[in-house]
Amino acid sequence: MCGIVAFIGDRSAKDVLIEGLTRLEYRGYDSAGIAIIEKDKIEVFRAKGKLSILKELVADKELTASIGIGHTRWATHGKPSYENAHPHFSNHIAVVHNGIIENYLQLKEELIQKGYDFKSETDTEVIAHLIDSLYEGDLFDAVRKGIKRLKGSYAIAAISEKEPDRIVVARYDSPLVIGISEDDVFAASDIPAVLNYTREFIFLEEGDVALLRKGSIKIFNGEEEVTRESKHIDWNPVMAEKSGYKHFMLKEIYEQPRGIIDTIRGKYSLEDGKIYFGEIDFERINNIKKIVIVACGTSWHAGLIGKFYIENLARISVEVDIASEFRYRNPIIDEETLLLPISQSGETADTIAALRLSKKSGAKVVSICNVVGSTIARESDGVIYTHAGPEIGVASTKAFTTQLVSLFLFALFLAQKREKLSRDEIKWYLGELIKLPEKIELVLKHDKYIERIARDFINFKNFLYLGRHYNYPIALEGALKLKEISYIHAEGYPAGEMKHGPIALIDKDMPVFVLGTKSEIYDKILSNVEEVKARSGIVISTVTEGDEDIRGKSDYVIEVPSCIDELTPFLNSVVIQLFAYHCANLLGLDVDQPRNLAKSVTVE
Ligand code: AGP
């Protein structure tokens, strides 16, 4: 999730672009760059790292240009570096892009045959060369032809020094808005970028391509010229960076359907019932005898569910270890071990140490990570990237569900390779998986209702979360979320363990959050609810639509759509995230930056 901005009008393009990128930096901060047309020549300024470095670079540059494009990067293809920084250019054309081009390797091959010389590892440079290869004096026409060849998601802005009075933008499955103010025309990935200049916005629709000139906008979709109604947006810039949400955490909870779509994009074919993990050289890992997942905090909870997926679907034994314990317990690791570190940041010290220790013992390392170019990503033999985009809130939410979906796909991938599942069985699982984003949207509709429930519980001092099988780790995650942002003490437990101790805690002051969605062991979790009620405990339950039994026994019920056992953790995750969020928000706490915590724990 990068941020792009473009401008043509009567102002200093440099100032407008830098201001825009400053407002978009929450979308990515691996590198930044601008391209402007100064005296009919394209000038490009790029810098690796935070935007402040680019700002320094252009600060004393006397630039009169009033047309330009800009980009702040969240790396997906190619590590954070100067070469991989946008804008990318080809002869007289410069391009910035937000999204993922799935068929970029194939297009790259074609363009290399045509003599194009690639300077970066990015999918975006392919777009610049592709447009140049199709250019016959009309940038608008070349972009429209070029996007027909692209598969994946894109929001693009392109300029050419041969046509210094126009910008061409296009979008498909990636956000792009146009801002208008008298003769000034702006385009950006998100409203915050240009909110200081205008409140009038046009939201481009899927497949729209627009020609921006001073004081004019022309939009095409396919061969048709179309008009798009403009809307007045009444936000202030800070509100806008959170897209109108009060906290980044809430915004990131709502971004989970998008995160899952982006994470599975290009990794499966429903028609063929096949899973692809181009980033993993399977030959190097096909002799593995065991998998060891290492992680910390929320990522460790994802690992526990990963174990259930891989053992159940691919029949390989999986150990799951907390990295800070793993590194000092002299674990049995050898050449037949596949180490699977899971980390949102890719910089967690204990997980890095576990990785290095295992490599020394000959293990192969395939990590699941959200940050391209991070230490864990760099030191792994293969990386499965979660495409959650930058996660700003300290409490991990969208990174968690994108880790889960990567683990589910990886389990199907191993099952496919080891012929543990037939093509039809994989097709069936994929069919269920692609319905997930919509089902999460339905759970998000309970937001206000969950807030009302939370209002009744913010004064309690202790909580117990219970779940079984795939939802036992969600009980752990629910407790962690509540602890880390509302500071209410909570414990998560596999429900079957209750009778072995925690049931002693149950009384009218101990609320119990039960993940009671339908599953093969539904009756077991029903009896756990009855045990709690028998000791006058207060029960909040998630149930599957149409459920009667657990609903009838619970004090508060949150209904989620029905889905296969393996995918219920996704729906339950959203419920426990929203519950913890509302408790913390109602208690007036700093939800995005809770006390004593850091987004990435880079020390032991
Ligand atoms: C979760 O909400 C916390 N931020 C924390 O437990 C986190 O999951 C843990 O520090 C691991 O971080 P990582 O995924 O970046 O390695």
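When a ligand or atom number is given, it counts from 1 through the structure's own listing order. Heads up: numbering here begins at 1 and tracks the sequence. Worth saying up front: this structure is predicted, and the values here are computed from it rather than measured.
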[atom]: the protein heavy-atom neighbour that sits closest, reported with distance to 0.1 Å:
atom	result
atom 11 (C) of ligand 1	C296 O, 3.4 Å
atom 4 (N) of ligand 1	V394 O, 2.8 Å
atom 10 (O) of ligand 1	V601 CG2, 3.9 Å
atom 8 (O) of ligand 1	T298 N, 3.0 Å
atom 3 (C) of ligand 1	E484 OE1, 3.5 Å

Task: Flag, side chain of Y309 to backbone of E566, donor-acceptor distance under 3.5 Å - done: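 At least one qualifying donor-acceptor pair exists.
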Task: T351 touching ligand 1 at heavy-atom level, < 4.0 angstrom - done: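 It does not, in that no heavy atom of T351 comes within the 4.0 Å cut-off of ligand 1.
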TODO: Using distance alone, decide if ligand 1 has a nitrogen or oxygen within less than 3.5 Å of any nitrogen or oxygen in A395.
DONE: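 In this structure, A395 places no N or O atom under 3.5 Å from an N or O of ligand 1.
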Open item on the list: I'd like to check whether S396 has a polar contact with ligand 1, where a contact means an N/O of the residue lying under 3.5 Å from an N/O of the ligand.
Closed with: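 Min N/O separation from ligand 1 is below 3.5 Å for S396.
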Task: Options T386, T348, I342, ranked by nearest heavy atom to atom 13 (P) of ligand 1, top entry - done: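 Among T386, T348, I342, the closest heavy atom to atom 13 (P) of ligand 1 belongs to T348.
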- [ ] Let me know which of E319, E336, E335 forms a salt bridge (Lys or Arg N to Asp or Glu O under 4.0 Å) with K289.
- [x]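 Single pass found, and it is E336.
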[X] heavy atoms, cut-off 4.0 Å: which ligand 1 atoms fall inside?
X	answer
S345	13 (P), 15 (O), 16 (O)
S343	13 (P), 14 (O), 15 (O), 16 (O)
S299	8 (O), 13 (P), 14 (O)
K481	1 (C), 2 (O)
Q344	13 (P), 14 (O), 15 (O), 16 (O)

Task: NZ (K290) with more than 12 external heavy atoms under 6.0 Å - done: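 Atom NZ in K290 is packed in, count exceeds 12.
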Open item on the list: For the residue pair Y493 / N528, report whether a side-chain donor-acceptor contact shorter than 3.5 Å exists.
Closed with: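 Side-chain D/A pair, N528 to Y493: absent.
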Task: Worked check of ring pair (Phe, Tyr, Trp, His ring centres under 6.0 Å) between F463 and F513 - done: CA-CA 7 Å; F463 253 88; F513 208 118; 7.1 Å; no
Open item on the list: On a heavy-atom basis, which atom in V371 and which in Q344 lie closest, and how many Å separate them?
Closed with: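 It is CG2-O, 3.3 Å.
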Task: Residues I525, V514; criterion side-chain contact (heavy atoms from CB on, under 4.5 Å); working and verdict - done: CA-CA 8 Å; I525 198 91; V514 177; 3.8 Å; yes
Open item on the list: Against H71, only a single residue in H86, R46, H97 fulfils side chain to side chain donor-acceptor pair (under 3.5 Å); can you say which?
Closed with: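 The single option meeting the side chain to side chain donor-acceptor pair (under 3.5 Å) with H71 is H86.
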Open item on the list: Working to the nearest 0.5 angstrom, can you tell me the gap between L476 CG and Y465 OH?
Closed with: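 With rounding to 0.5 Å, CG (L476) is 11.5 Å from OH (Y465).
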